[in-house]
Amino acid sequence: MNVRGPIVSVEDTRTVSTSYGDRELREIRIRPERGAADPVRVTLWGKWAQTGEHARIGMELLVTDVEVDEFRGETTYATTRESWVVLEPDFLVDVTGIRSWVQCPRMYYLNKLSGIPLNYPVVKGTIVHEVFGDLLRGVDLEESVTERVAEAGLDLGLLGYDAAEVEDEVRRNAAAIEGWLAQGTLTDEDTWRSEFTLISPRFGLKGRADALRRGTPVELKTGKNTNREPRFHDKVQAACYALMLEERGEDPDIGTLLYTKNTALDRNEESGDLAPAKEFSVGRGFLEFVVRERNALAAMEWRALHDAANDDAPDVDTVDDDGGDEARTRPTVPTGYEADAKCQFCFEQDTCMVVSGRLDQESKAGQVGRPVPDEELVYFDRFYTAIEEERRETHAEYRKLWEQTPAERAADDRALIDLEPLGKTEISEARWELRARKPGDAVSKLREGDVALASDGDPVGGHAELVRIRRLGPDGEVVVEADEPVTLRRLDVYPSEISVDRMLTALHDAVLKGDPDRKDVIFGRREPAFKSVVGSGAAGDADLSDEGAEPVYIDNNASQNAAVDLAVRAADCALIHGPPGTGKTYTIARTIRALCERGDRVLLAAFTNRAVDNALEALRDQGFEDVVRVGTETGVREDMQDVRLRTRGDPDERAAELKTAPVVAATTAACGSRVLRECEFDVALVDEASQLTEPSTHAAITLADRFVLVGDHQQLPPVVRAENDLQRSLFERLIELYPDAGVMLDRQYRMSQRIQAFASAEFYDGALRPATPAVAGQSLTDLGVAVDDLPEELGHGVNFIDPDGRRDGNRNVREAERVAEIVASYIKAGVDPDDIGVIAPFRAQVAEISRRTDVTVDTVDRFQGSAKEVIVVSFVASGTLDGPIFDDYRRVNVALTRAKKELTLVGDAAALASDPFYRRMLAWARR
DNA sequence: ACTCTGCGAAGAGGA
């Protein structure tokens, strides 16, 4: 049996005499999840006592296969030979993380913090890994090498390599693999699997094994190793996979390391064992070691979060604030002293010393440089902790893969279950197309183009593969593309840590590598500067030139023109506040053109692909075509594919395309990618900046000398799972800090006077107004609709209807029915269904309404950025306004400002009147 | 209690 629960007390390790001699033990009390509410005693014997050293009150402890005993009337537990002891099992450690942790815990920390930059060993390693996978799947070597090198064209070009030399080197590596494979596959009993995704709930591990051979892990290393034994940390990595395979009921007694640089060509020069493959036996003791290391890592991560939040915690570093009387607690970070690794041989030594120096951390390698100012240290620690909290939330998403039943998972819209497998076709060598049919009208968050986890029904314990969704047909057809043929019975959303990883590297880049002038502004030490005249180059710094007219970029909108002017004159940054319908996108396009005309190279970034493509479209509409769009094939909209940067092809050509484009457009997530981190710009212009966390904004702006943020902090804030500093955007913080560095676009081209009035008064101090009389006076009549054809309660520009419905969970069926009737009335009166949109706060209600109408129905969040002639809003709530979704009034701002000519609010008057804000809304709507 | 977009899914190396 297993015991598990939060730790309530930890005793010291002691040594006792047993019939087997002296043995160490450590006693820990936990509060078990089930059963007795009282804490129970768990004794960790032998080396598990070492894991006990890392244990802290509040951490979660899991001990499997315990021995149960009665001691003085109390039930106690102890480890046995079969036991595994796992600290914080919910913290999912990546196998490559354990590998670097074993080399040196600080290396693990540094890799996480500074990311792995674009470098040749990694790119070549990736290519060789892909070729290895191809060879296992029977692809011809030459064909694979040519193809895989071509696919890496952009990376190689940026690194200055040409295809032929890389092909040559990869071919030599691959030859070693092929030679070894030829021996291995002589026996019929050899079964191979490549790229095996493993997730371990028990050990809190995840990772991808390069290959499995007869159920044992095979790890490919593109380096050379002339020792008889595999490198220790390589064995650790393979052992992690062995551990996870064992959990799945396999019995992997050996692991294989394949060093592909151990080739015949080198054999004359070197002594030692040059066979590429090295096997080692995977014993129980080694696996236990691996688990203890994983526990040490998970415990450090726990302390980094909890010690920082708890000033009383013992054994943490403290830094004095300016005042000196208050000590600030800093997150626990590995120093390198934990390991006996030798710093002078470490590839990360320079990074290690720089990070230590800049962040004032203790480290075995020592420090170089001076610490950044104290407020920057505070900022770094605050956001580091916030990002790590967000990581925990991502881990919670993984946990749902095994904690939720398939039905719960499907109800959560995170999986398509009970798929009926229809077939597997090998579409090209080593690529499979898997087809299935989904039952009924099952819906999910999964979309075409997404990476998802396809499985035989059990995504954690069964056969699962990461696949790309090709088609989710309305007829229930599901088509995915995979490397291996899995029987497609279930498709799950696969959580990704990429966004948290990218935020962390962006934070690192911003604080450690950021330009000091830039940081003065970010950290509130200096007002942003503006050039008074727009000159070319550095000449325009003077404030004397009153002669000559103000530059006119946009002649019919003073605030838009002022925004462009401000952005062009910005020496540090400019902030453009664009309320709904104020021509943000047009202004962005005009700004980019003005900047390019001065010779600036511009990075155009936004949170979503949709916003990037919209801005790009506006730019191209203005006749500017010299753009490169960086993004995935599925992320980039169809009509922007022609300017999308291909990663495949001739290295020089691909790299030149990116390096010389006057405008590069990408999502902020892509800005944090290896490729874009290599690029430099004069100006970064970030749209939707109010929806971005500070670190995500840094990902874009650290690539440029100056930046322009465009957004509206009165609309929806960043989407984050954890509640912390990430919820507030840099845009919002800066616009409050430096109102003079901002311009608000105050004329809107979208809504009638009647519709915009409430939002203008509530959110924009009444400053938002219609751009023209025509905008102000628009109505349904302009659509050729006779208002007389509508029921009496509709047709007044803004209407309120109380259908007397009742909220049931996140739905309100009566209200949904009424909304459908209202939509039908509009259509009957002659409104084009394409001109009508329905908005609801909950997805459940969106589904409820969608069943009853064919017009566009979506959540507020998904409607942000678009508009319709007629909008119907369903509020769902009845009686009271309980729920976090109603707390953020900005969501209402978004919902109400989607309508151009007619807006109908549908809800329970009593519920809405229970809150002053909603009461004012009601008063306005009923007028 | 809710909302939910991005990410190539990881990936390498030497005294």
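In what follows, every chain begins at residue 1, and chains take the letters A, B, ... in the order their sequences are listed.
The existence of a salt bridge linking A/Glu633 and A/Arg468 is excluded, since no basic side-chain nitrogen approaches an acidic carboxylate oxygen closer than 4.0 Å. Residues A/Asp861 and A/Arg891 are paired through a salt bridge, judged by an N-O separation under 4.0 Å between the basic side chain and the carboxylate. A salt bridge is absent between A/Arg392 and A/Glu389; no separation between the charged side-chain nitrogens and carboxylate oxygens falls under 4.0 Å.
Between the base of B/dT5 and the side chain of A/Arg721 there is a donor-acceptor pair shorter than 3.5 Å. Checked by distance alone, A/Arg891 brings a side-chain donor or acceptor within 3.5 Å of a matching partner on the base of B/dT3.
Rounded to whole angstrom, the span from the OH atom of A/Tyr108 across to the P atom of B/dA12 amounts to 17 Å. A straight line from CG of A/Leu726 to P of B/dC4 spans 19 Å, rounded to a whole angstrom. Here B/dT5 presents its C1' atom at 12 Å from CD of A/Glu390, a figure rounded to the nearest Å. Between A/Gln691 atom CD and B/dT3 atom C1' the separation is 11 Å, expressed in whole Å. When the P atom of B/dC4 is taken as reference, atom OH of A/Tyr494 falls 23 Å away, rounded to whole Å. Taking atom CG of residue A/Leu504 and atom P of nucleotide B/dC7, one finds them 18 Å apart after rounding to whole Å. For the pair A/Phe875 CZ and B/dT3 P, the interatomic distance rounds to 16 Å; values are reported in whole Å. Here the C1' atom of nucleotide B/dA12 and the OH atom of A/Tyr120 are 12 Å apart, to the nearest Å.
Nucleic acid contact for A/Lys342: none, since no nucleic acid atom lies under 4.0 Å from a heavy atom of the residue. Contacts of A/Glu348 with the nucleic acid, taken as non-hydrogen atoms under 4.0 Å apart, include base atoms. Backbone-only engagement by A/Thr859 is indicated by non-hydrogen atom pairs under 4.0 Å involving sugar-phosphate atoms exclusively. Residue contacts for A/Tyr241: at a heavy-atom cut-off of 4.0 Å it reaches the sugar-phosphate backbone alone, with no base atom in range. Using a 4.0 Å heavy-atom criterion, one finds that A/Ser673 contacts the sugar-phosphate atoms exclusively. If you check every strand for non-hydrogen atoms under 4.0 Å, A/Leu220 touches sugar and phosphate atoms only. Base contact: A/Phe607 has a heavy atom under 4.0 Å from a base atom. Across all strands shown, A/Gln103 has heavy atoms under 4.0 Å from base atoms, whether or not it also approaches the sugar-phosphate. Residue A/Asn810 is in sugar-phosphate contact alone, with no base atom involved, counting any heavy-atom pair closer than 4.0 Å across all strands shown. At a threshold of 4.0 angstrom between heavy atoms, the contacts of A/Ser499 include nucleobase atoms, whether or not backbone atoms are also involved. Nucleic acid contact class of A/Leu453 (heavy atoms, under 4.0 Å, all strands): none.
Note on ring orientation: taking the six-membered ring where Trp is involved, the planes of A/His463 and A/Phe196 are parallel (angle under 30°, cut-offs 30° and 60°).
Between B/dT5 and A/Thr667, no contact under 4.0 Å exists linking OP1 or OP2 to a side-chain N or O. The shortest distance between the side-chain N/O atoms of A/Arg231 and the OP1/OP2 oxygens of B/dA12 is not below 4.0 Å. For the pair A/His233 and B/dA12, the criterion of a side-chain N or O lying under 4.0 Å from OP1 or OP2 is not met. An OP1 or OP2 oxygen of B/dT5 is reached within less than 4.0 angstrom by no side-chain nitrogen or oxygen of A/Asn609. In this structure, A/Asn111 does not reach the B/dA12 phosphate: none of its side-chain N or O atoms is under 4.0 Å from OP1 or OP2. Between B/dT5 and A/Arg862, a contact under 4.0 Å exists linking OP1 or OP2 to a side-chain N or O. Residue A/Arg674 places none of its side-chain N or O atoms closer than 4.0 Å to OP1 or OP2 of B/dC7.
Summarising the local packing, CZ of A/Arg646 is surrounded by more than 12 heavy atoms from other residues, nucleotides or ligands at distances under 6.0 Å.
Comparing B/dA10, B/dA12, B/dA1 against the side chain of A/Pro121 picks out B/dA12 as the nearest. Counting only heavy atoms from C-beta on, A/Ala669 has its side chain closest to B/dG6 among B/dC2, B/dG8, B/dG6. Residue A/Ile116 has its side chain nearest to B/dA12 when only B/dC2, B/dT5, B/dA12 are considered. The side chain of A/Ala670 has B/dC7 as its nearest neighbour among B/dC2, B/dC7, B/dT5. Distances from the side chain of A/Asp861 to the nucleotides B/dC4, B/dA1, B/dC7 place B/dC4 closest. Checked against B/dC7, B/dC2, B/dA12, the side chain of A/Pro884 finds its nearest nucleotide in B/dC2.
Here the side chain of A/Glu815 pairs a donor or acceptor atom with the backbone of A/Phe875 at under 3.5 angstrom.
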A/Arg674/A/Asp155 under salt bridge (charged side-chain N to carboxylate O under 4.0 Å, His left out): CA gap, chis, key distance, verdict:
CA-CA 9 Å; A/Arg674 279 191 325 203; A/Asp155 285 352; 3.1 Å; yes
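Of the N and O atoms on the side chains of A/His698 and A/Asp509, not one donor lies less than 3.5 Å from an acceptor on the other residue.
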